[in-house]
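The sequence lines fix the lettering, A, B, ..., with proteins before strands; numbering per chain opens at 1. All heavy atoms count here, side chains included; hydrogens, waters and symmetry mates do not.
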Protein chains: 2
Amino acid sequence: MRGVDKRRRLTAAAAQVLHRQGVERTTIADIAKTADVPVGNVYYYFKTKDELVQAALSEHEGSLAELTAELDKLPDPLDRLKALVEAWVSQRDTAARYGCPTGTLAAELDKRADGTLDREVGRVIRVLLDWAEDQFRALGLPDPGDLAVTLVAGYQGMSLLTNALRDPDIMTREGDRLIRWLDTLTSGT
Amino acid sequence: MRGVDKRRRLTAAAAQVLHRQGVERTTIADIAKTADVPVGNVYYYFKTKDELVQAALSEHEGSLAELTAELDKLPDPLDRLKALVEAWVSQRDTAARYGCPTGTLAAELDKRADGTLDREVGRVIRVLLDWAEDQFRALGLPDPGDLAVTLVAGYQGMSLLTNALRDPDIMTREGDRLIRWLDTLTSGT
DNA sequence: GTCTATATTTGGATAGAC
DNA sequence: GTCTATCCAAATATAGAC
C-alpha cells in the first residue's frame with residue numbers, strides 16, 4: 001500500500017505549503033517537491049489542484065477535531081476555553097509568519113467566483129464556532145452563539161494583526177485579554 | 001491632460017477589482033477592462049503589476065485618511081471612536097462579500113517571499129492603529145496602544161468571520177459589542 | 001502504480017506602428 | 001500618448017512508456 005502513503009504525504013505537504021505560500025502562489029510542483037513525489041504522479045491521486053486544496057482543508061479540519069477532543073477531556077468548560085486560547089497563543093510564531101491556517105485560507109477562497117471551496121472553509125470555521133458555543137452554553141451564559149463569534153473573531157483579528165505586523169507579542173497580549181474576558185464573563189457580577 | 005485621467009481611472013479600478021478578486025486572481029486585463037483602457041496602454045502608466053497593487057494600496061490609504069480627517073471634526077475622542085465603528089458596520093454588505101480591503105490585502109501580500117509590498121500594507125494598518133491610539137490617549141486611558149490593537153483586531157476579526165460566513169449580521173452584532181466595550185472603558189468604574 | 005515528456009492555456013510584459 | 005500584435009515564461013493537465 002505505497003499509494004496510501006503517498007496520498008498522505010501529498011495531503012500533509014499541501015496543508016503546509018498552501019498555508020505558507022497561499023493557494024494562488026503555490027504550484028503543484030511545490031507540493032510535489034515537498035512531498036517528494038514526481039509532479040506527473042500527483043495527478044494519479046488528485047485530479048485537479050482544487051482537490052489538493054480540499055485535502056489540505058480536511059487536514060486542518062482534522063487538526064481542529066484533534067485539538068477539541070483533547071480539550072474535551074478537561075472537566076470544566078471554562079478551562080477548555082482558556083486552554084483553547086493558550087493553544088492559539090502557543091502558535092504565535094507561526095501566526096506571525098503565516099497567519100491562521102484556516103483564516104487565511106478562508107480570506108483567499110472567498111475571493112473566488114466559484115463558491116464550492118469557500119463554502120467548505122465556512123463549514124470548518126462553523127465547526128469551531130459550534131464547539132465554542134457548546135462550552136459557553138454549558139457555562140449557562142446567555143447568547144452562547146454570540147459569545148462564540150466574539151471569541152473566534154478575537155482569534156482571527158489578533159492572528160491577522162500579528163501576521164501583518166510580524167509581531168508575535170500581539171498574540172500574547174491579546175490572548176491575555178481574551179483570558180481576562182472569559183474570567184469576567186463567569187465571575188457572576 | 002488625458003493621461004492623468006487614465007492613471008486615476010486605472011488606480012480606482014485596481015483598488016476595486018483587487019479587493020473583489022484578490023491580487024493573484026486579478027489580471028492586468030481585468031483592471032484595464034474595468035478602467036476602460038486598452039491592455040497594452042496600461043504599461044505606459046504602470047511598469048509592472050506590482051505597481052498597480054501599490055497604487056491600489058495608496059488609494060485605500062487615502063480613503064482611510066479621508067475618514068479619520070472627517071472623524072477628527074468631532075470634539076470628543078470617544079465619539080470619534082464610536083463613529084469609526086459605525087463607519088465599519090455601515091460597510092457590512094461589502095465586508096460580507098469581499099472582506100476588509102486592507103485586511104484581505106494584508107493576508108494575501110504576507111504570503112509573499114518578497115517583503116516589499118507587505119511592509120507597505122503593514123504601514124497602512126499602523127496608520128489606523130496610531131490614529132486609534134491617539135484617541136485612547138486623549139481619553140486618558142492606560143495602555144492606549146494595546147487598546148488600539150484590541151479595537152482594530154476586533155474589526156479585522158469580525159470582517160473575516162462576516163466574509164467567511166457571508167453574514168453581514170455578524171458585523172452588526174460585533175459592532176454593537178465594540179461600542180459597549182468603548183463605553184465600559186470610559187464609564188470610570 | 002510510477003514517471004517523463006509534452007501539450008495547452010494563461011497572463012505578464014514588450015515591440016513597434018500610429 | 002495610444003493601441004495592436006506578439007513574445008515568452010509559468011503552470012495546469014495529459015499522453016503514454018514502463
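Considering only side-chain N and O atoms, K6(B) lies under 4.0 angstrom from the phosphate OP1 or OP2 of dC3(D). Taking only side-chain nitrogens and oxygens, Y44(A) comes nearer than 4.0 Å to OP1 or OP2 of dG1(C).
Salt-bridge formation is not detected for the pair D118(A)/R112(A): no Lys NZ or Arg NE/NH1/NH2 atom is positioned less than 4.0 Å from an Asp or Glu carboxylate oxygen.
Distance, D30(A) CG to dT12(D) P: 8 Å, rounded to whole Å. One atom, OH of Y45(B), and another, P of dA13(C), lie 18 Å apart when rounded to the nearest Å. Straight-line distance from the CG atom of D36(B) to the P atom of dT2(D): 13 Å, rounded to whole Å. Rounded to a whole Å, the CD atom of E24(B) is 13 Å from the C1' atom of dA10(D). At whole-Å resolution of the value, CG in D50(A) and C1' in dT12(D) are 11 Å apart. Between the P atom of dA10(D) and the CZ atom of R25(A) lies a distance of 13 Å, rounded to the nearest Å. Between the OH atom of Y43(A) and the P atom of dT14(D) there is a distance of 8 Å, rounded to whole Å. One atom, CD of E51(B), and another, P of dA13(C), lie 10 Å apart when rounded to the nearest Å.
Nearest-nucleotide positions on DNA chain D for T26(A) and N41(B) put N41(B) closer to the 5' end.
Remark: the backbone N or O of D50(A) is not paired with any side-chain donor or acceptor of Q54(A) at under 3.5 angstrom.
Cation-pi geometry between R7(B) and F46(B) is satisfied (NZ or CZ under 6.0 Å from the ring centre, within 45° of the ring normal).
Residue T27(B) has its side chain nearest to dG12(C) when only dT4(C), dT12(D), dG12(C) are considered.
Side chains of E174(B) and T150(A): a donor-acceptor N/O pair is present below 3.5 angstrom, by distance only.
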